[in-house]
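Have a look at the structure below before the remarks.
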Amino acid sequence: MGAQFSKQVERRKAISAEKKALADLQQNGGCDFPGSDYHPPDRANWMSGLNPDNIRIHQIVWPGTHDSATNDIGIPLVTRPFAQCQSLSIYEQLKTGARVLDIRVQEDRRVCHGIILSHSVDVVISDVRKFIQETQSEIVVLEIRTEFGHDDPPDFDQYLVDQLGEFLIHHDEQVFSKTISELLPKRVICVWKPRKSAQPKPGGPLWSSGYLKDNWIDTDLPSTKFESNLKFLGEQSPAANRKYFYRVENTVTPQADNPVLCVRPVTDRIRGYARMFICQSFARGFADRLQIFSTDFIDEDFVDACVGLTSARVEGKA
């Protein structure tokens, strides 16, 4: 018992030290970057507002959500706090400005986060379709994967094509150098990541797992995750030279050996430092590598930071 107590004391000290490290870095380095003062007048149509004729896919800093379809997962006040990473529905996230969705499914086509289940993936598809039909030029990257520990839903690739076929941007590495206008009227890049089933074929309506990469580390220590994100981002080539999407997740994860297991108080240790991350990517010389930037509990300020940098890139200021 004593050893366990001492371990918890040390963990709390480590977390406090890491929170202070981020606060100090922000105080010393600030949060300003090219486009940081930009606020889109209509977040639901921010790509349209920046002129689809001028925005190339590789120029976009895509606001993304982590574990996107968990707003009503599990049982309220019982299991939900341990699995919920978003408070908004998929439709509400898209209206707020999110353009990359991270959807986890299990064998019965239900959304899940680990062993905790939510609604059918049909709800996600319905929300995406509704948003696409209400807008004209917004491109959405929809990543759907089979959750760890689960089996692939049967015939799920065909399900995705049947549900989204009219909107799907077929796999083509030239997409990254094209403008939004050149892709229209197609609107959805769908990356399907099965665990055991065959990967999508080149040239088909779905994109395979290799086209959306990240370097996720499992930690609840905010400065450790922040610096790891910067390290791995710095190892990437510039977004303009890549033929895949690269994601940075501005999140931390509850750990089993820590008494705080609810998602919100843990991820809040890093969530407010998204603008500082962009600022630091400029200070360290590799802001041109930032592409997909994801968060838990997305809000308007996070979206504005991503859209602001996108605007600066399109205008040649970043």
Side-chain angles (χ1 to χ4, degrees), residues 62 64-75 78-80 82-86 88-94 98-133 139-173 175 185-214 216 218 244-245 247 249 253 263 292 294:
W62 302 75
T65 53
H66 167 247
D67 261 308
S68 305
T70 55
N71 58 299
D72 61 358
I73 197 167
I75 303 171
V78 180
T79 57
R80 184 169 297 172
F82 305 107
Q84 184 186 42
C85 298
Q86 304 296 331
L88 303 178
S89 70
I90 293 299
Y91 176 73
E92 291 168 336
Q93 290 172 39
L94 292 169
R99 292 296 177 268
V100 178
L101 302 173
D102 160 24
I103 310 297
R104 324 287 179 89
V105 296
Q106 46 82 274
E107 49 272 16
D108 297 322
R109 295 185 183 172
R110 291 182 66 181
V111 171
C112 60
H113 185 180
I115 62 172
I116 302 177
L117 303 181
S118 185
H119 46 61
S120 167
V121 75
D122 291 347
V123 176
V124 173
I125 300 300
S126 177
D127 276 6
V128 171
R129 289 180 60 91
K130 180 181 179 182
F131 175 75
I132 291 296
Q133 290 165 348
I139 304 295
V140 175
V141 177
L142 174 63
E143 178 200 39
I144 304 188
R145 72 177 88 174
T146 303
E147 179 70 305
F148 179 79
H150 292 280
D151 292 329
D152 299 324
D155 303 317
F156 196 67
D157 51 352
Q158 189 58 53
Y159 164 83
L160 291 171
V161 173
D162 290 344
Q163 296 295 317
L164 295 169
E166 62 186 298
F167 305 119
L168 292 175
I169 298 169
H170 284 220
H171 166 258
D172 177 2
E173 291 187 351
V175 162
K186 304 299 185 180
R187 307 277 297 284
V188 179
I189 296 173
C190 185
V191 181
W192 164 227
K193 296 183 175 182
R195 295 192 62 80
K196 296 180 181 179
S197 303
Q199 289 281 329
K201 295 180 180 179
L206 306 177
W207 296 58
S208 61
S209 60
Y211 287 97
L212 202 168
K213 303 179 182 181
D214 54 36
W216 181 77
D218 187 11
Y244 60 88
F245 292 103
R247 173 172 53 204
E249 290 187 332
T253 309
V263 173
I292 295 176
S294 292

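In this chain, residues are counted from 1 in sequence order.
To the nearest 0.5 Å, atom CZ of residue Arg247 and atom NZ of residue Lys213 are 13.0 Å apart. Between Leu206 atom CG and Lys193 atom NZ the span is 13.5 Å, to the nearest 0.5 Å. The CG atom of Leu142 sits 11.5 Å away from the CD1 atom of Ile169 when rounded to the nearest 0.5 Å. Atom NE2 of His113 and atom OG1 of Thr70 lie 7.5 Å apart (nearest 0.5 Å). Distance CG/Asp157 to CG/Asp155: 7.0 Å, rounded to 0.5 Å. Glu173 contributes atom CD, which lies 7.5 Å from atom CH2 of Trp207 (distance to the nearest 0.5 angstrom).
The two residues Ile73 and Leu117 come nearest to each other via the heavy atoms CG1-O, 3.4 Å. Minimum heavy-atom separation, Pro194 to Thr146: CA-OG1, 3.9 Å. Taking each heavy atom of Val111 and Val124 in turn, the nearest pair found is CG2-CG2, 4.0 Å. Asp102 approaches Asp67 most closely through the heavy-atom pair OD2-N, 2.7 Å. Closest of all the heavy-atom pairs between Gly74 and Ile116 is CA-CG2, 3.6 Å. Counting all heavy atoms, side chain and backbone alike, Ser294 lies closest to Ile292 at OG-CG2, 3.7 Å.
You'll find the side chain of Gln84 stays beyond 4.5 Å of the side chain of Val263, heavy atoms only. With a 4.5 Å cut-off on side-chain heavy atoms, Asp151 and Lys196 count as touching. The shortest distance between side-chain heavy atoms of Gln163 and Asp122 does not fall below 4.5 Å. By the 4.5 Å heavy-atom criterion applied to side chains, Glu143 and Val100 are not counted as neighbours. Taking the side chain as every heavy atom from C-beta outward, Ile189 and Tyr211 never approach each other to under 4.5 Å. At least one side-chain heavy atom of Ile90 sits less than 4.5 Å from a side-chain heavy atom of Ile103. Inter-residue side-chain proximity for Gln106 and Glu147 is flagged as unmet; no heavy-atom pair is nearer than 4.5 Å. Considering only heavy atoms from C-beta on, Thr253 comes within 4.5 Å of Trp216 through its side chain.
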Checklist entry - Should Leu88 and Asn71 be marked as a side chain to side chain contact (heavy atoms under 4.5 Å, CB included) after you check the CA-CA gap, both sets of side-chain angles, and the distance that decides it? => result CA-CA 6 Å; Leu88 303 178; Asn71 58 299; 5.8 Å; no
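Of the charged side-chain nitrogens involved, at least one lies within less than 4.0 Å of a carboxylate oxygen, so that Arg129 and Glu166 count as a salt-bridged pair.
Put simply, the side chain of Arg99 gets close to the backbone of Leu94: a donor and an acceptor are under 3.5 Å apart. Arg145 places no side-chain N or O within 3.5 Å of a backbone atom of Arg104 that could act as its donor or acceptor partner. Gln86 places no side-chain N or O within donor-acceptor distance of the main-chain N or O of Ser68, the cut-off being under 3.5 Å.
Note: Phe156 and Trp192 have tilted aromatic rings, judged against thresholds of 30 and 60 degrees for the angle between ring planes.
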Output a table of donor-acceptor pairs, distance under 3.5 Å, between side-chain atoms of residues 197-205 and any protein atom two or more places apart or on a different chain; print 'none' if there are none.
| unit_1 | atom_1 | unit_2 | atom_2 | d |
| --- | --- | --- | --- | --- |
| Ser197 | OG | Asp152 | OD2 | 2.9 |
| Gln199 | OE1 | Ser209 | N | 3.0 |
| Gln199 | OE1 | Ser209 | OG | 3.4 |

